[in-house]
Number of protein chains: 2
Amino acid sequence: MPSDEDAQQASHKYLKVRDYLVQLTTDELGVGDPIPSERALTQRFGVSRMTIRHAIDSLVSEGLLEKIQGRGTFVSAPRMDFEVRLSTFGEQMHRLGLTASTTVLESGAVAAPAEVASVLGISPGSQVHHLRRQRHADGKPMAVEEAWIPVKLAPALFDDGPPASLYEALRLHGHDPRWGEETLAADSPTDEERHLLDMGGRGAVLRATRRTHADSGAVMFSRACFRGDRYQVWVPLAPPQTPVTPSGATATTTTSKEDS
Amino acid sequence: MPSDEDAQQASHKYLKVRDYLVQLTTDELGVGDPIPSERALTQRFGVSRMTIRHAIDSLVSEGLLEKIQGRGTFVSAPRMDFEVRLSTFGEQMHRLGLTASTTVLESGAVAAPAEVASVLGISPGSQVHHLRRQRHADGKPMAVEEAWIPVKLAPALFDDGPPASLYEALRLHGHDPRWGEETLAADSPTDEERHLLDMGGRGAVLRATRRTHADSGAVMFSRACFRGDRYQVWVPLAPPQTPVTPSGATATTTTSKEDS
DNA sequence: CAGTGGTCTAGACCACCCT
DNA sequence: GGGTGGTCTAGACCACTGA
């Protein structure tokens, strides 16, 4: 029940140890440095070794620490984050040090077009909130974007006018965006897009089609069209193959036979 | 040392339990079904509860099981894989049910251009293997691709002519590709690209710039140029925010204040 | 209430690494 | 050898769930 902010300090012993280790590794230790041995921590905290191991294991699984049998436990290099995250245009621009601004082109409820209905898994023609916006970065047109959200999911979503952040609005209406899928493709702009994006005669656009999911299912379908010369996407690529049942203990470099 | 194939059967008790649970969940149980309780497994295997928990926890961390306090442990829905994986053109086409073919345009060792040297972290002008290929899917031109690999890393890489698969060749020379970074952008094709890709007057291309890493560091730089109308990239998007210190035990829906 | 997972103890022996 | 992590035991009490 304690709704405090930071000092949740944990009644659990392993959380105390954990907090201590997080402090230690971020404040005093550098990458590759060893943390105190499990038995040493046992002494320091006056708890059993299993408790210490619980704390350490949780940090290992998060990638903060790395164990090497016979040697010790070490601060690991910050691991690559192979996940591309759901982010809004504003967040993306902020990360690039640019200022985002938006011009609303259209806003309201419409009958769902066939593709939209299909992607969202709703009946064609059922009502969807629709928002079409022009996106700017530091004042320069960057993208034209269009989004559809079933009215049923959040009837009052647009009651105060089109929300500045659709993701935030969805969150407030109980449909926290959890994950998404995006398809990227290059294309030539339509005449209208070329005009809205202030592009010359030639030039390409990057089309991003996104389906956003909340716990309740697909909640939004959106299409964005970015100026090809002002926008690019960085994608980290994880290692190939997913050892179907890797364990984490066994795994002896299963030299799979490949033919490709 | 036992280089057997399947029956590694594990001398460790927790691995026996683990194997049993994997079998059980894949063969007999469905998503959402509960597995036997920890105490029941304790009886069945004649081991202590901590051992059972170790086995279960390893499967929970892999996403196969899900624990709910007070209720039980359940088979979880196969979790989304939010990672895009390193894959070759051949693999990508195979996945789409297409047949890949390749025409080598250029092959040999050259002095590293400035950008290539910079990206690979080598001295400008040092020797790099260079391969330029035209890629087809079901006989139709799909992409033009160019790759550079430091000669120093694998001097004999091209000794038998340009390898059919650069990734496979790197693997054979001790530089197993582990991860990569790719940047995607839309652009207009050059005249040569338009010709090689058999494109009409208009049309856009998707440029993919990739740096591939092995354990030894960056091993390859490559640029591919795909026909925009024949190629698209699917990217799964993971949930926002990375709780800096999430624990996995605490976390009571930390209602973070956001302003965007 | 009975049953489940969550935390915790105070030992034990093994496998591995380094010197 | 001496130190480190890896596995394992046989209990214990707590917190939560559901009937």
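Order of the sequence lines sets the chain letters (A, B, ...), proteins ahead of strands, with each chain counted from 1.
- Counting heavy-atom neighbours within 6.0 Å of A:D160 CG, excluding the residue itself, gives a total of 12 or less.
- Using cut-offs of 30° and 60° for the angle between ring planes, the A:W148 and A:H130 rings count as parallel.
- Taking atom CG of B:L59 as the reference point, atom C1' of C:dG5 lies 16 Å away to the nearest angstrom.
- In summary, of the residues considered (B:T88, B:V219, B:D176, B:L172), a side-chain contact (heavy atoms from CB on, under 4.5 Å) with B:Y167 occurs for B:T88 alone.
- The minimum heavy-atom distance between A:P36 and A:L41, with the atom names listed, is O-CD1, 3.7 Å.
- A distance-only check finds a donor-acceptor pair linking the side chain of A:R211 to the backbone of A:V119 [under 3.5 Å].
- Contact check, A:T51 against C:dT9: a side-chain N or O comes under 4.0 Å of OP1 or OP2.
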Using a 4.0 Å cut-off on protein heavy atoms (strictly under), produce a 5'-to-3' string for nucleotides 11-19 of chain C with B for base contact, S for backbone-only sugar-phosphate contact, and - for none. -B--BBSS-

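- When every heavy atom of B:A109 is checked against every heavy atom of B:V151, the shortest pair comes out as CB-CG2, 4.3 Å.
- Taking atom CD1 on B:I56 and atom C1' on C:dG5, their separation rounds to 9 Å, with Å as the unit.
- If you take CG of A:L15 and C1' of C:dC8, they are 13 Å apart, rounded to a whole angstrom.
- Here C:dT7 presents its C1' atom at 14 Å from CG of A:D57, a figure rounded to the nearest Å.
- In this structure, the NE2 atom of B:H12 is 12 Å from the P atom of D:dT9, given to the nearest Å.
- An angle of 20°, rounded to 10°, separates the two end axes of the helix from C:dC1-D:dG18 to C:dC18-D:dG1, each defined over five pairs.
- For the OP1/OP2 pair of D:dT7 and a distance below 4.0 Å, the side-chain nitrogens and oxygens of B:K13 include no atom meeting the criterion.
- The distance from atom CD of A:Q43 to atom C1' of C:dA10 is 12 Å, rounded to the nearest whole Å.
- Between B:S48 and D:dC8, a side-chain N or O to OP1/OP2 separation shorter than 4.0 Å is absent.
- The interatomic distance linking B:L41 (CG) with D:dC8 (P) rounds to 15 Å, in whole Å.
- DNA chain C is contacted by no residue of residues 26-38 of chain A, taking any non-hydrogen atom closer than 4.0 Å.
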Check against salt bridge (Lys or Arg N to Asp or Glu O under 4.0 Å), A:E115 and A:R223: CA-CA 12 Å; A:E115 187 196 357; A:R223 264 200 293 248; 2.7 Å; yes

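- The existence of a salt bridge linking B:R53 and B:E38 is confirmed by a sub-4.0 Å separation between a basic side-chain nitrogen and an acidic carboxylate oxygen.
- With sequence neighbours excluded, no residue satisfies side chain to side chain donor-acceptor pair (under 3.5 Å) with B:H129.
- A:H175 places a side-chain N or O within 3.5 Å of a backbone atom of A:L153 that can act as its donor or acceptor partner.
- Under the side-chain contact (heavy atoms from CB on, under 4.5 Å) criterion, B:I122 pairs with B:A112, B:A117, B:L120, B:S126, B:V128, B:P150, not counting sequence neighbours.
- Every residue two or more places apart in sequence or in another chain that forms a side-chain contact (heavy atoms from CB on, under 4.5 Å) with B:I68 is listed here: B:R71, B:F74.
- Distance CZ (A:F74) to C1' (D:dG5): 10 Å, rounded to an integer number of Å.
- For A:H54 and C:dC8, the shortest distance from a side-chain N or O to OP1 or OP2 is not below 4.0 Å.
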